[in-house]
Structure formats: C-alpha cells, structure tokens
**Q** 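Take a look at the following structure, please.
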Number of protein chains: 2
Amino acid sequence: MAGRRTDTRERIQRVAMELFAERGYDKTTLQEVAERLEITRPALYYHFRTKEEILSSIADGFIASLDELAEWARAQPDTFEARREILRRISELLEDKWRPLMRFAQMNQGAFAQSSVGDRMQDRIVTLVSVLSRPGADAIMQFEARLAVFALILGGVPEVFGMDLPPSELASTAMTVAVRLVSDHEPSGQ
Amino acid sequence: MAGRRTDTRERIQRVAMELFAERGYDKTTLQEVAERLEITRPALYYHFRTKEEILSSIADGFIASLDELAEWARAQPDTFEARREILRRISELLEDKWRPLMRFAQMNQGAFAQSSVGDRMQDRIVTLVSVLSRPGADAIMQFEARLAVFALILGGVPEVFGMDLPPSELASTAMTVAVRLVSDHEPSGQ
DNA sequence: GTCTATACTCGGATAGAC
DNA sequence: GTCTATCCGAGTATAGAC
C-alpha cells in the first residue's frame, strides 16, 4: 500500500496505546504493534529508542495538562465550591482525551511504578490531591480527597469492579460520589 | 549447603511473592526466584508448571478466605451494622496475612486481568460488593459500595497516593472512610 | 521424589546496510 | 527514513543424574 510516509510516529503512538489498553503493557509485543502498522519491528526503533519511550511520549501530553490544572487549582480559595470545580476539571480531563491512558495506567500501575513516567504522573496527582485536602486537614480528610480522585479515575474504567453502566452515566456517578467525599461534613463518624 | 529438602514448594511461594511485590510480576524473572533460593531455574518447573501457577497457587488461599466471608455475608440482614461488620472482616482479612498479595494485586492488575486467578478474585470481590449494596440500590450506592472496598484495599497499600501514615493508622482511617460510604445518607447531593 | 544440564522459542534491543 | 542481520535474555520444555 502506502510507501514512505511522515506520520509514522503518531501512528505508532495511537496503535501502541490501543494495544497497551487492550492487552496490557508487558503482554503487548512490539511485533504486534509493527504488524498492525504493516512495518517491521526494528523499524519502530527508528522512531523510539525503547518500548517505554513510546509510553512516556504518550503520557507527556497528559502530564502537561495536569500541570496546567494543578497550577490553576493552587490559585483557588479553600472552599467547597472550589474543590468541586477542581474535581469537575479532573473529570473533564479524563473524559476528554485521556481516558484510554488512565484506563491503561489503572490496569498497569506496575508498569508505571519505578519508571520516570509513573513518577511524574504520580507527582502531579499528589499535587492535585494536596490542593483538594488543605494543609490543616486530618488524616481522614486527606484520605477522602485521595479517594475522591480515585473515584474519578475508576469512573473511567468500567471493568474494574464490573459495574455495567453506560460510560457517561458511570462518570457522572463517580463525580457525584467524589464531590460528596470532599464536602464539608461532621468531623468523624466511625 | 542443604541437599534435597521437602519444603521447596513453600519456599518458592514465599520468595516469589516477595519479589512480585518488590519488582512487579512481569519484571520478576524466574532466574531471580531461583537464585534467591539457591536452586536452578528449571528446578522451579518440577514444582510449578508455569510462572502463573506460582501466582495462582498463592492466591488460592486468599480466594478460599473470600469465599468463606462471602458465604457468611450473604446470610446477614440488610442493615448498616451488618455492612459495617462485613467491611471490618474484609479489613481484617487484608491485614492478617494477605496484605502482600493485595498490595501486589493492586499494583499488578494487568497481570491479573485476563488470567483465571484474576477472574476468580474479581468474582469474589464482586460478590462481596453486591452484598454490600443490596439489589434495590441506585447506581450511586452501588458505586459507593465498590469504592468502600477499594478504600480498604488502598488502606493496605501506603505508597499508592503517598500518604505517609503508619500502616495501622492508615488501615483504620480507610475503615472509617469505608464505613461512612456505606452508611445511610440522603438520596443524592450533587 | 528432587533437582541439573541443555536446548528451544520468542521478544526487546543494537549496528549498520540500503 | 526504513529495514536486515544479529544478539541477549526470559519463559518453557525435556532428558536424565542422584
């Protein structure tokens, strides 16, 4: 079919992301990526130095978005409304274009851990979470803030606990629960 | 050193679990497992047919515990107190002897997904969750029940979102938040 | 019954030809 | 900018020593 082309790098990223999400990072072979693109395996190494670099090149855009969001979030007042808006923007980010990546990250924490990509993503998420649970918060509120972000992430990964809802409905359910977690409520309750 | 011994199977399970938790399932090589035990790599194949069988043999005990718990849970009345007790028993299970496995499962969902071990674990957890969120519950309550179980799991995996609390305190914090998630509260609140 | 020696396959990675 | 030849290491398999 097509001979030489100039968008091979982007095509690799797209196909790799598909396969990583489908079959997991480690179980995806560069052979499969190459085959689906109808190029040879070593040809991938012209565009990326390692398998991990394919992954990190995809995550770079997401990390940049998180940075932007974190910077904005830091400038917000410490009110419930602000926290809700932060969660809404995180949810939006996850729905918009990064759902496959987050779904992948959720299923492959192992691949991310101890890698620089994983460290950088974790870093940004921790920053966002720390804005959600202001300094003075007790352990419970901190945990709830973390769990709220986690809820949003799970809202984009339907298969994790087998809730069979349409994706958009699941996302809005997750948002509702997340907001409730960062709302002001009585100190304890065990 | 020691010549033939009879506890090799158990020693393999213990060392493999350590390494899987430390370095991830895929990144752990059977070479490393064998080296740490001072046996040869093919010797592992006398005791286990595949790498995955090492993992599933470990998970079997955990799955049995979950079955037992699920059976008990199904017989409970549909009250807040019963749900709290179910959560407490789950938390106890995770603290008792299965924390390394859960920590591992959390970090390696990819390795578990699409494997029979993963399917079986997921199955049991879904059962427990469905007992926690009785049939008539709306999507939000179902999601909250799932998130409650997730909170308990995260309570055993300190590094996930970088909360630096002593493990026992983290676990009890997780329990408090989980209980709040399955408590009776007003219908919505978005 | 327990393990070693050896070998096969396949996937990630590199060097260099075209 | 793309591909061939090649290497290395990991999972797997089997034959056979003790």
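Below, chain A is the first sequence line, B the second, and so on; all start at residue 1.
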**Q** In whole angstroms, how far is the P atom of dA10(D) from the CZ atom of Phe20(B)?
**A**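 So the CZ-P distance, Phe20(B) to dA10(D), works out to 14 Å.
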**Q** Between Glu35(B) (CD) and dC3(C) (P), how many Å, whole number?
**A**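 In whole Å, dC3(C) P and Glu35(B) CD are 17 Å from each other.
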**Q** Ignoring the backbone of Thr40(B), work out which of dT4(C), dC3(C), dT2(D) is nearest its side chain.
**A**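 Of the candidates, dT4(C) comes closest.
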**Q** Rounded to the Å, how far apart are Leu37(A) CG and dG1(D) C1'?
**A**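 One finds 15 Å between C1' of dG1(D) and CG of Leu37(A), rounded.
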**Q** Is any side-chain N of the basic residue among Arg36(A) and Glu32(A) closer than 4.0 Å to the acidic one's carboxylate O?
**A**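 No salt bridge links Arg36(A) with Glu32(A).
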**Q** How long is the line joining NZ of Lys27(B) and C1' of dG11(C), in whole Å?
**A**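 To the nearest whole Å, that distance equals 15 Å.
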**Q** Rounding to an integer number of Å, can you tell me how far Arg9(A) CZ sits from dT2(D) C1'?
**A**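 Answer to the nearest Å: 16 Å.
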**Q** Which listed nucleotide (dG1(C), dG11(C), dC3(D)) is nearest to the side chain of Ile39(A)?
**A**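 Shortest atom-to-atom distance from the side chain points to dC3(D).
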**Q** Looking at Tyr46(B), I'd like to know whether one of its side-chain N or O atoms comes within less than 4.0 Å of OP1 or OP2 on dC3(C).
**A**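 The answer is no; no side-chain N or O of Tyr46(B) sits under 4.0 Å from OP1 or OP2.
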**Q** Measuring from atom OG1 of Thr176(A) to atom CG of Asp138(B), what distance do you get when rounded to the nearest 0.5 angstrom?
**A**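 Answer rounded to 0.5 Å: 10.0 Å.
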**Q** Counting only heavy atoms not in Arg88(B) (residues, nucleotides, ligands), do more than 12 fall under 6.0 Å from its CZ?
**A**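 Count over threshold, so yes.
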**Q** For a quick test of reading the model: is some side-chain N or O of His47(A) closer than 4.0 Å to OP1 or OP2 of dT2(D)?
**A**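 Affirmative; the distance criterion is met.
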**Q** What is the distance, to the nearest angstrom, from the CD1 atom on Ile12(A) to the C1' atom on dG1(D)?
**A**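 Nearest whole value for this atom pair: 11 Å.
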**Q** In terms of side-chain heavy atoms, does Ser57(A) have a donor or acceptor partner in Gln13(A) at a distance below 3.5 Å?
**A**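 Short answer, yes.
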**Q** Base contacts versus sugar-phosphate-only contacts with protein, heavy atoms under 4.0 Å: please encode nucleotides 13-18 of chain C as B, S and - from 5' to 3'.
**A** BB----
**Q** Expressed in angstrom and rounded to an integer, what is the separation of Asp7(B) atom CG from dT2(C) atom P?
**A**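 To the nearest whole Å, that distance equals 11 Å.
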**Q** Can you measure from CH2 (Trp98(A)) to CD1 (Ile90(A)) and round to the nearest 0.5 angstrom?
**A**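 Trp98(A) CH2 to Ile90(A) CD1: 15.5 Å, rounded to 0.5 Å.
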**Q** Let me spell it out: for each of Ala43(B) and Gln31(A), pick the nucleotide of DNA chain C with the closest heavy atom. Which residue's pick is nearer the 5' end?
**A**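 Nearest nucleotide further toward 5': that of Ala43(B).
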**Q** Can the positive tip of Lys51(B) be found less than 6.0 Å from the middle of the six-membered ring of Tyr25(B), inside 45° of the ring normal?
**A**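 Yes, a cation-pi geometry.
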**Q** What distance do Met102(A) atom CE and Met107(A) atom CE have between them, rounded to the nearest 0.5 Å?
**A**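 Rounded to the nearest 0.5 Å, the CE-CE separation comes out at 13.0 Å.
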**Q** What is the distance from CG of Leu55(B) to C1' of dG11(D), rounded to the nearest Å?
**A**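 Taking CG of Leu55(B) and C1' of dG11(D), I get 15 Å after rounding.
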